[in-house]
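For reference, the structure is listed below as structure tokens.
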There are 2 protein chains.
Amino acid sequence: MPRTRGRAPDGKWRADALSREIIVGAAIALLDELGERGLTFRLLAKQLNTGPGALYWHVTNKDELVALAADEVLGHAFTAPPPPEESAGAGLRALAIAVFDALDQHPWAASHVNAPPTLANALRLLDRIGTLVARTGLPAERHFAVSTAISYYITGVSAQIIAPRATAVAATDRDAFLAQTAEHWEKLDPADYPFLTRTTTDLRDHDDRDQFTTGLDLLLDGLNTTANP
Amino acid sequence: MPRTRGRAPDGKWRADALSREIIVGAAIALLDELGERGLTFRLLAKQLNTGPGALYWHVTNKDELVALAADEVLGHAFTAPPPPEESAGAGLRALAIAVFDALDQHPWAASHVNAPPTLANALRLLDRIGTLVARTGLPAERHFAVSTAISYYITGVSAQIIAPRATAVAATDRDAFLAQTAEHWEKLDPADYPFLTRTTTDLRDHDDRDQFTTGLDLLLDGLNTTANP
DNA sequence: ACCTGAACACCGTTCAAGT
DNA sequence: ACCTGAACACCGTTCAAGT
């Protein structure tokens with residue numbers, strides 16, 4: 001797993017040399033355009049003017065490639081510098097929303113951010129959460145459990161909300177899908193599903209980002225009352 | 001998509017007739033044993049003494065088959081009848097834990113419980129959550145957002161916690177994986193990762209179920225203070 | 001209506017061989 | 001050290017043909 005660009009035998013840089021970063025970048029482009037099933041080593045190799053075998057010198061296998069691509073995308077959440085002095089709660093909220101928005105741009109990525117973190121940006125995310133949690137009044141022995149809980153919420157709930165868009169093709173399909181699901185709910189027996197049958201308009205009209213922040217704010221409220229009882 | 005067993009031309013039941021339920025049941029067994037990649041239409045057909053083509057009469061494709069299998073597994077959370085009269089919070093907590101435990105037994109399933117729900121048991125889960133949420137003092141227009149938030153937490157965070165076990169083979173691997181990840185964290189620069197580098201023992205010793213309930217309790221605390229300010 | 005199984009159009013991955 | 005591309009061992013899915 002080299003971290004530098006290749007060099008031709010004569011010692012000069014090859015303009016078209018492969019590298020992990022170049023491969024991951026091209027993979028992200030294909031994933032955005034064609035989804036996870038559309039990403040193929042043959043196609044990726046063609047885009048990079050090589051054979052499929054060449055990629056395996058830089059990347060262990062497809063699972064690793066997709067994981068690297070997802071971590072790269074997660075890193076987009078950190079482009080803005082962390083705002084200086086705000087409350088821990090506000091910092092956690094801003095961080096969570098930045099992650100949601102980053103993953104929202106690349107729907108295939110959300111379900112590939114794994115826990116516990118081992119890749120650079122996932123590590124960074126948990127560390128930032130932990131540092132913010134440590135700033136609350138919470139006893140130290142609870143920092144790990146609470147920080148990972150928040151981290152799990154961010155990536156897990158983002159994946160739940162965003163993943164359907166990775167299957168449905170375009171953004172326009174979302175409305176059609178929701179309308180169809182709402183119709184399905186309307187046909188259910190109200191005796192069996194009293195809640196769903198009276199909630200179909202909310203389903204049609206809901207906003208994904210609001211869904212994410214609703215649960216997030218409940219979680220942070222709970223953190224707040226636990227830390228400052 | 002037939003819901004009944006097949007019948008031979010002479011009108012008698014065939015003992016070996018296929019059905020959606022039989023196929024899903026056999027698929028669950030293979031998924032448990034071999035994981036998602038191990039489930040193959042050829043292998044599944046062989047187990048059921050048919051050819052792969054026969055399965056396509058009962059099931060649209062592999063995605064649908066795995067989704068049906070996951071929903072079936074989710075249904076295990078409802079085997080115990082809902083305890084009669086408890087507080088909404090206690091009911092939600094018990095329900096959430098029942099879902100976690102059900103998915104925990106079939107690690108491949110967690111990441112395939114999709115939102116918004118369209119299959120029977122996922123619908124049932126959201127309806128039960130909604131009914132419990134309606135029992136709190138929360139204004140009606142917030143019921144949908146809060147219920148789905150809780151539902152997303154349950155399935156999304158369960159998937160995050162449980163999914164790694166679907167890749168790692170046995171339960172013994174978990175300790176090895178955590179130890180290896182902890183070693184990785186220890187080698188990080190404390191200047192870059194102040195939180196992670198002092199939290200490695202918590203990582204080694206944590207319990208997955210506690211992780212799940214920690215965030216869940218924060219969320220329910222938040223719900224409680226929001227509903228009864 | 002339901003099942004059969006060969007065939008199609010792919011995959012991920014490996015590896016001897018090149019430079 | 002890095003790249004090439006043919007070859008291996010599979011897949012999911014379709015479909016004409018059977019009962």
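In what follows, every chain begins at residue 1, and chains take the letters A, B, ... in the order their sequences are listed.
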Work out how far the P atom of D:dA9 is from that of C:dA9, and round it to whole angstrom. 22 Å
What I'd like to find out is whether the side chain of A:Q160 reaches to under 4.5 Å of the side chain of A:Q211, using heavy atoms alone. no
Separation of B:H143 NE2 from B:T148 OG1 (nearest 0.5 Å): 12.0 Å
Distance, rounded to the nearest Å, where B:K46 contributes NZ and C:dG5 contributes C1': 13 Å
Under 4.0 angstrom between A:H58 side-chain N/O and D:dC3 OP1 or OP2: yes
Rounded distance in Å - CG (B:L44) to P (C:dG5): 16 Å
Can you list the steps and then say if B:D208 with B:R165 is a salt bridge (Lys or Arg N to Asp or Glu O under 4.0 Å)? CA-CA 11 Å; B:D208 285 341; B:R165 271 211 283 300; 2.7 Å; yes
Hey, what do you get for CH2 (A:W57) to OG (A:S19), rounding to the nearest 0.5 Å? 11.0 Å
Given 3.5 Å as the limit, does a donor-acceptor pair link the side chain of B:H206 with the main chain of B:L203, or not? yes
Under 6.0 Å between ring centres: does that hold for B:F195 and A:F144? no
Check: A:N121 and A:H76 side chains under 4.5 Å, non-hydrogen atoms: no
Under 4.0 Å protein heavy-atom contacts per nucleotide of nucleotides 6-15 of chain C, with B for base, S for backbone only and - for none: -B---BBBBB
Tell me the interatomic distance from A:N49, atom CG, to D:dC3, atom C1', rounded to whole angstroms. 13 Å
B:F212 and A:Y152 aromatic centres sub-6.0 Å: no
Kindly express the pairing pattern of DNA chain D in dot-bracket notation, using | wherever a base pairs with another strand and counting only Watson-Crick or G-U pairs under 3.5 Å. ||.|||||...|||||.||
